[in-house]
Amino acid sequence: MKRILVTGALGQIGAELVPALRARHGGDRVVATDIRMPARDTAPATHDGPFERLDCTRLQHIHEIVRRYDVGTIYHLAALLSATAEERPQSAWDINMGGLYRILEVARQHRCALFFPSSIGAFGPTTPRDMTPQDTIQRPTTMYGVTKAAGEMLCDYYAHRFGVDARGLRLPGLISYAAPPGGGTTDYAVHIFHQALRYRHYTCFLKPDTALDMMYMPDAVRAILALMDADPARLVHRNAFNVTGMSFTPERLAAEIRRHIPDFVIDYAVDPLRQSIADSWPRAMDDSAARAEWGWAPRFDIAAMTADMLDKLRERSRAAP
Ligand code: SER
């Protein structure tokens, strides 16, 4: 049986996708990799299966790991998020684009299937922002978006030209209790929960009325697994399916949290960089292609997500030593 390789396994998606893949396929069949070594042996990706340090810009090392573990499918999650990419655009190009190109080359030569996460960041200010169509104008104005839009096209190219079974989603902001995000524009929707529980107060870096697509991580993991399970004959789009779970603004999320923590207070100190990124992204995507082609349907809306986030974070703080 071929193994599964996950890059960026210690990141926001990897921290939850690796345990889900291991629960499904067995620990030994999922090779978790990251450019960082885990600080302590507490990261989920380091439990119950192999972990390797891997820099995705090093082609020979990717070949070596894919050969050594007899890898058949790669989940390529290693990338810089939007705000970090805007601060370090040259590194973002090298890591996001250079990493994907090398992974695709390895996938071509070893005949691996590939999952690639694109993003709402692949759209830009000239994209329709409400009910953003599956196929529409994409002129992203961030380096993150440039690498995601180009990545979608590069995956399509490898699928059509070389027959690589590459598939992908345009994920919205992801909300998770398990792993913190790092350097994203949608990170406020995670930080707000930690601060609400600890201080009853959060200072948001986006304006109160900034609407963005979001998704609870259990839905994102289900979406990734369902897309990779889908019958390829039904896939028309393959590499860049719009998927969304909900759309909300910071003030709407604060109101939802207040239903559980009545004295919670939000105020605002707008970060111009992240506000300008958010203003260039969709408010609410149309995900009907994903629904039609592989049966996508989210389970968590803002109310269900908020209740579950608060429950899970409270459980974790009770369990913490
Ligand atoms: N959550 C991501 C970011 O903010 C969007 O893909 O960068």
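Order of appearance sets the numbers: ligands from 1, and atoms from 1 within every ligand. Not measured: the values here are computed from a predicted model. Heavy atoms only: backbone and side chains are in, while hydrogens, waters and symmetry mates are out. Residue numbers count from 1 along this sequence.
Annotation: side chain of Y268 is not in contact with side chain of F205 (no heavy-atom distance under 4.5 Å). A 4.5 Å side-chain heavy-atom check between Y177 and Y216 finds at least one atom pair inside the cut-off. At a threshold of 4.5 Å between non-hydrogen side-chain atoms, the residues M1 and H25 do not count as touching.
Taking atom 1 (N) of ligand 1 as the reference point, the nearest protein heavy-atom neighbour is T186 OG1, 2.7 Å.
Remark: R3 fails to qualify as a cation-pi partner of Y69 under the 6.0 Å distance and 45° angle criteria applied to the six-membered ring.
Residue contact check: S119 has heavy atoms under 4.0 Å from atoms 5 (C), 6 (O) of ligand 1. Which parts of ligand 1 touch T185 is read off a 4.0 Å heavy-atom cut-off, strictly below it: atoms 3 (C), 4 (O), 7 (O). Shown in contact with S82 at under 4.0 Å from a heavy atom are these atoms of ligand 1, numbered in order with element: 3 (C), 4 (O), 7 (O). Atom numbering of ligand 1 starts at 1 in the shown order; those under 4.0 Å from a heavy atom of W281 are 3 (C), 4 (O), 5 (C), 7 (O). Within ligand 1, the atoms closer than 4.0 Å to a non-hydrogen atom of G184 are 3 (C), 4 (O), 7 (O), numbered from 1 in the order shown.
Contact between L174 and ligand 1 is absent, with no heavy atom of the residue lying under 4.0 Å from the ligand.
Contact annotation: for Y188 versus ligand 1, there are no heavy atoms closer than 4.0 Å.
Within 6.0 Å of CG on D28 lie no more than 12 heavy atoms contributed by other residues, nucleotides or ligands. Sparse packing is recorded around OH of Y199, with 12 or fewer heavy atoms of other residues, nucleotides or ligands lying under 6.0 Å away.
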From CA spacing to verdict: side chain to side chain donor-acceptor pair (under 3.5 Å), D287, N242 = CA-CA 5 Å; D287 59 5; N242 288 0; over 6 Å; no
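Between Y144 and ligand 1, a contact under 3.5 Å exists for at least one N or O pair.
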